[in-house]
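Chain letters run A, B, ... following the sequence lines, proteins first and then strands; every chain starts at 1.
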Protein chains: 2
Amino acid sequence: VDGVTPLSRAAIIAVGSELLTPTRIDTNSLFITEQLNLLAIDVVAKAAVGDDRSELAHVFRALLDRADLVVCCGGLGPTEDDVTREVVAEVLARALVEDEAITARLRARFAARGYTGAMPEINRRQAMVPAGARVIENTRGTAPGLWLESGERVVLLLPGPPRELKPMLTAIVEGPLSARSSGASLARRIVRIAGRIESHTDEALQPLYREWEQGRPPVTATILAALGQIELHLSTRAASRESADAVLAAAVAQSSAVLGADVFSTDGRTMEAVVGDLLAGAGLRIAVAESCTGGLVTSRLTDVAGSSRYVERAVVTYANEAKTELLGVPEEMLAQHGAVSEPVALAMAGGVRTRARVDVGLGVTGIAGPGGATPGKPVGTVAIAAITPAATRSRLFRFHGEREQVKFQASQAALDMVRRMLSGV
Amino acid sequence: VDGVTPLSRAAIIAVGSELLTPTRIDTNSLFITEQLNLLAIDVVAKAAVGDDRSELAHVFRALLDRADLVVCCGGLGPTEDDVTREVVAEVLARALVEDEAITARLRARFAARGYTGAMPEINRRQAMVPAGARVIENTRGTAPGLWLESGERVVLLLPGPPRELKPMLTAIVEGPLSARSSGASLARRIVRIAGRIESHTDEALQPLYREWEQGRPPVTATILAALGQIELHLSTRAASRESADAVLAAAVAQSSAVLGADVFSTDGRTMEAVVGDLLAGAGLRIAVAESCTGGLVTSRLTDVAGSSRYVERAVVTYANEAKTELLGVPEEMLAQHGAVSEPVALAMAGGVRTRARVDVGLGVTGIAGPGGATPGKPVGTVAIAAITPAATRSRLFRFHGEREQVKFQASQAALDMVRRMLSGV
């Protein structure tokens, strides 16, 4: 818009007393941040306040001082507890006026749902909007969104339920917000890495960091260690979404060249989706024999839609006799090497592969803890083996952490072994 | 403390630029809230700001206006990015002074770790504290915590990593914070409910709500619908932790009396832990046959430490032939009733129970989606059956949601079926 400074600094306020308890957290702000970043709008602060007029007014005022866009989510329902409309009207010194179009839409909505009688009078509160607000239709609920301008500032009120908020915000970002942005874009990509520790990843990327810092536009890189994987977060701000995407695509390619086969995803896919795509792409089927992971490897594989094409079966053999009965692991082998050993993992992978008559067999056996450690085999020791038409591999790992963390890391390493073998690396 | 108003209103500020990206969120505030509530200190607002002096100063000032306790977490590291100490000193108009005891501890820590040479000079920043601060030792990292008093207000600076923050805060809550509190306590309990929808739960509890509201002290009740379960959150504020606990224990007992066998946990245990305790308590072993849940039921059962005592084995039979081969489900039955049917679920439960020679057999077969629906059997249709020494049950469910949500709800319903049978309800 001519003569108006593009919006660049946003603050997000989540409204709801439940967000101040020990069990609930605002997560809408993650989606909101992602969407605002598409328009190169940075989030400079986030806050959560209860359903309390005075607190909300105070925090809203404080953040309006620092941001040219304030997004409030929640507190737009029909009850007395829903205070966002009133507070924002008061702070911006606007009258609350009934929007007849909203009232009509609400009445139609209640009629269509076949409620006996008319719309509850309480819902009329949702039609009261600060004077001058632009109304944003909510196709999935009763609370409309509101767009307010105050000088060069924009205030956006959105409902709290994610399924209502998301389509509304997406429409706003593509429409009015885009018109108020600089045309620039802040893009992000995540490179996911397995089988390499954080410090080695960091070391390998040092020369790229320097190059990216001095680039035009510069690329910001952050390494985050997550369970069973390292994430390299890349972001850049460029004159258009296309050029930002191109700059990041180049940085992703450079990272992949340096980190090689340890990079398993550059497009947001999870490890299980990557393995699933490799199996489906090659027309291969897999069967899994799990001990310490207790079904987690297979549960992750089957989280992917369409996995019934390539997951044939799995067995979870917690007891030694189940390993012998269901997989044909020889009792002597169990006695000689112990259940947590590469030979047993190989026999499990081979046993399930042969019996299921599939292409790929995967075996995992280990000690998830807290009990079960034996001399020389502490908690976290896990043997993994995989057999594909082309190759056989096995490896003994040692993971750290609590039971569920050991389970997850073992499942990640098992899937990663299959990924590497199917990728021929 | 004589003459000093007890602390009652807290604000929490999480410091770190990563908390303003689309992928990371502050979760420390949940633990902090839980701990403060033990002393009847309410959280009135939460905020997240980047590693930015000006933003942090602004938000800190704004929240210091509204709270008598401000807890900042993060930004206490040794680098230039770590600005919390400086900003807080500036806002409270204190000089930053080197605390020799911290420097000595840091030097000793580096020496003990066998780093060559001395402590990096940069770490000396961590010994600079606002004048008058009480230092709180960090046994798990280099950043000490700080306790500052400003008039009747308290400002608490804690490191960001949860494993460092948690033990420090626990010690503070039991020590100096307890001395500044009213002696009262805000206690919470969660009643977990399965097999009953939110509106029916709400309806059944209506008379109790009224009674609790008028109680002395009153009990606040909130119903939250989570995936596969309803949670009733109860809280109360009383003169002591003991009396708050007693008031809530009575409310929990009342809820359980009204909701009966649908209540599966009143002590924080998950469904899988409850089922595990029932199996272990009765000396029973279980085997599981899963189709659409893909291993999730068994993975959840084996998330519980000690589950190798009662989980014998599981089979994941995605393909029909696996159901026949591994579980003895007759081909005619699959042809006649379809794989997603109560007879097949029963045959799966019976097959795995007999073959594993265990007490309890559980079978789950369904359509997780998005594909796989057949006429009369939409996505989300799941048949579940369980056989115990005392009884046999089966039931056809219809769940809503995406693939992973259907999987989770099916696993929850399967575990709940076993829970009810073992509890004799």
Given heavy-atom pairs under 4.5 angstrom as the criterion, report whether the side chain, backbone, both or neither of [X] touches chain B.
X	result
A/Lys407	side chain
A/Leu19	backbone
A/Ser411	neither
A/Ser291	neither
A/Arg357	side chain

Quick check on the interface: out of [options], who has the most heavy-atom pairs with chain A under 4.5 Å?
options	answer
B/Glu404, B/His58, B/Glu18	B/His58
B/Thr317, B/Thr222, B/Leu186, B/Val311	B/Val311
B/Ala47, B/Ala319, B/Ala48, B/Ala45	B/Ala48
B/Ala11, B/Gly294, B/Gly295	B/Gly294
B/Val315, B/Leu301, B/Asp303	B/Asp303

Please classify the contact of [X] with chain A as side chain, backbone, both or neither, using a heavy-atom distance under 4.5 Å.
X	answer
B/Thr23	both
B/Arg61	neither
B/Glu325	side chain
B/Thr293	backbone
B/Val297	neither
B/Ser307	both

[X] [atom1] to [Y] [atom2] distance, which is reported to the nearest 0.5 Å:
X	Y	atom1	atom2	answer
B/Leu279	B/Glu272	CG	CD	12.5 Å
B/Arg313	A/Leu327	CZ	CG	9.5 Å
A/Asp51	A/Ser17	CG	OG	4.0 Å

Under 3.5 Å donor-acceptor, B/Asp359 side chain and B/Arg285 backbone: yes
Given side chains that start at C-beta, do those of [X] and [Y] come closer than 4.5 Å, heavy atoms only?
X	Y	result
A/Tyr318	B/Arg309	no
A/Val191	A/Glu231	no
A/Asn37	B/Pro22	yes
A/Thr21	B/His233	no
B/Glu321	A/Glu312	yes
A/Arg403	A/Val379	no
B/Glu290	A/Ser299	no
A/Asp42	A/Arg9	no

Apply side chain to side chain donor-acceptor pair (under 3.5 Å) to A/Thr236 and A/Arg188, showing your working. CA-CA 7 Å; A/Thr236 195; A/Arg188 298 182 190 272; over 6 Å; no
Hey, which residues of residues 25-34 of chain A are touching chain B, say heavy atoms under 4.5 Å apart? A/Ile25, A/Asp26, A/Thr27, A/Ser29, A/Leu30, A/Thr33, A/Glu34
Who pairs with B/Arg189 by side-chain hydrogen bond (donor to acceptor under 3.5 Å, both in side chains), at least two apart in sequence or on another chain? none
If you count heavy-atom pairs under 4.5 Å with chain B, which of A/Ala289, A/Ser54, A/Ala287 comes out on top? A/Ser54
